[in-house]
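Encoded as structure tokens, the structure appears first; notes follow it.
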Amino acid sequence: MEKHEQLYSGKAKSVYSTDDQNLLVMHFRNDTSAFDGKKVAQLDRKGMVNNKFNAFIMEKLTAAGIPTHFVKRLSDEESLVKRLQMIPVECVVRNIAAGSLCRRLGVKEGIDLNPPTFELFLKNDALGDPMINESHVRSFGWASEEQVAAMRELTFRVNDVLKQLFLGGDMLLVDFKLEFGLTAEGELVLGDEITPDGCRLWDKNTREKLDKDRFRQDLGNVVEAYEEVGRRLGIQL
Ligand code: TMP
Ligand code: ASP
């Protein structure tokens, strides 16, 4: 698939048009960012590791019947995806308290959340991705009531699949963020990526952090931890 002009460049990925107006090339760069772009770095191999990781996870989700934009991996750092009209809302499920939940509610990191929580955030770096609720999504027309219900249902289904998958590698899926969009046919599907950049993953026994918190908290060995997660899942990196 021929790559044409760059349509968009985000904090860690760039998106290119192709010969087919309904397909895009997603390029995973080595750029790493946190805190809404306030902390940035270049990490060797991260683009390749995340691209291969994302392809593996998207294929697992497709096999589990979850619709995604993913078509196929093209190269070390590139994948082909369906063009989506993105819904500017991030869906977060938490199985264990960490990150902004602890700061917001003053709860201790590591407590089990039963049932898991479901939260919505507006995708807007300038505003620091503020937390929103379903009523905001409706009133501002970001998505319909049915679309919010579908995003919620799909996010919990992804949680069920991924929790089991990571548990198989002795890892706990603490939390994760998903983004959705609409295909040219109007179907709501999972977009963006699933990588250790947008999840929290802990070793089940030691609770060692194996995700982007290593970068946020200056714990070192960021890409090495992503590679360890990949190794435990049997991903060829
Ligand atoms: P939080 O604790 O910062 O709210 O994040 C919860 C999870 O969602 C964590 O795994 C990181 C991910 N996330 C992103 O990747 N990007 C975002 O913009 C947000 C709000 C969360
Ligand atoms: N992914 C979000 C951002 O870039 C949250 C984070 O990673 O800290 O701001």
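In each ligand, atom 1 is the first atom listed, and ligand 1 is the first ligand listed. Not measured: the values here are computed from a predicted model.
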Taking only residues two or more places apart in sequence, or in another chain, which ones meet Trp142 in a ring pair (Phe, Tyr, Trp, His ring centres under 6.0 Å)?
Phe140
Is Asp129 close to ligand 1, meaning an N/O of one under 3.5 Å from an N/O of the other?
yes
Provide the number and element of each atom of ligand 1 under 4.0 Å from a heavy atom of Cys199.
10 (O)
Those residues that, when tested against Arg45, pass side chain to side chain contact (heavy atoms under 4.5 Å, CB included) (two or more places apart):
Val49, Val223, Glu224, Glu227
Using a strict 4.0 Å cut-off to heavy atoms of Gly99, name the atoms of ligand 1 that fall inside it.
2 (O)
Less than 4.0 Å is my threshold; does some heavy atom of Asp36 fall inside it relative to ligand 1?
no
Return the orientation label for the Phe53 and Phe166 ring planes: parallel under 30°, perpendicular over 60°, tilted otherwise.
parallel
Heavy atom to atom 4 (O) of ligand 1, shortest distance: which of Gly198, Ala98, Ala97, Ser100 holds it?
Ser100
Tell me which one of Glu90, Arg200, Lys177 gets a heavy atom nearest to atom 6 (C) of ligand 1.
Arg200
Out of the candidates His4, Glu2, Glu5, only one should pair with Ser17 under the side chain to side chain donor-acceptor pair (under 3.5 Å) rule; please name it.
Glu5
Per side chain to side chain donor-acceptor pair (under 3.5 Å), Lys11 is matched among Asp125, Asp197, Asp31, Thr32 by Asp125
Under 4.0 angstrom from ligand 1, any heavy atom of Arg94?
yes
Test of understanding: given a 4.0 Å heavy-atom threshold, classify the contact between Arg216 and ligand 1 as side chain, backbone, both, or neither.
side chain
Quick check for you: to the nearest 0.5 Å, what is the distance between Leu182 atom CG and Arg83 atom CZ?
14.0 Å
Per-atom contacts of ligand 1 with Asp197, taking only distances under 4.0 Å to non-hydrogen atoms:
15 (O)
Looking at ligand 1, would Lys11 count as a contact under a 4.0 Å heavy-atom criterion?
no
Testing the 3.5 Å rule here: is there a donor-acceptor pair between the side chains of Thr195 and Asn54?
no
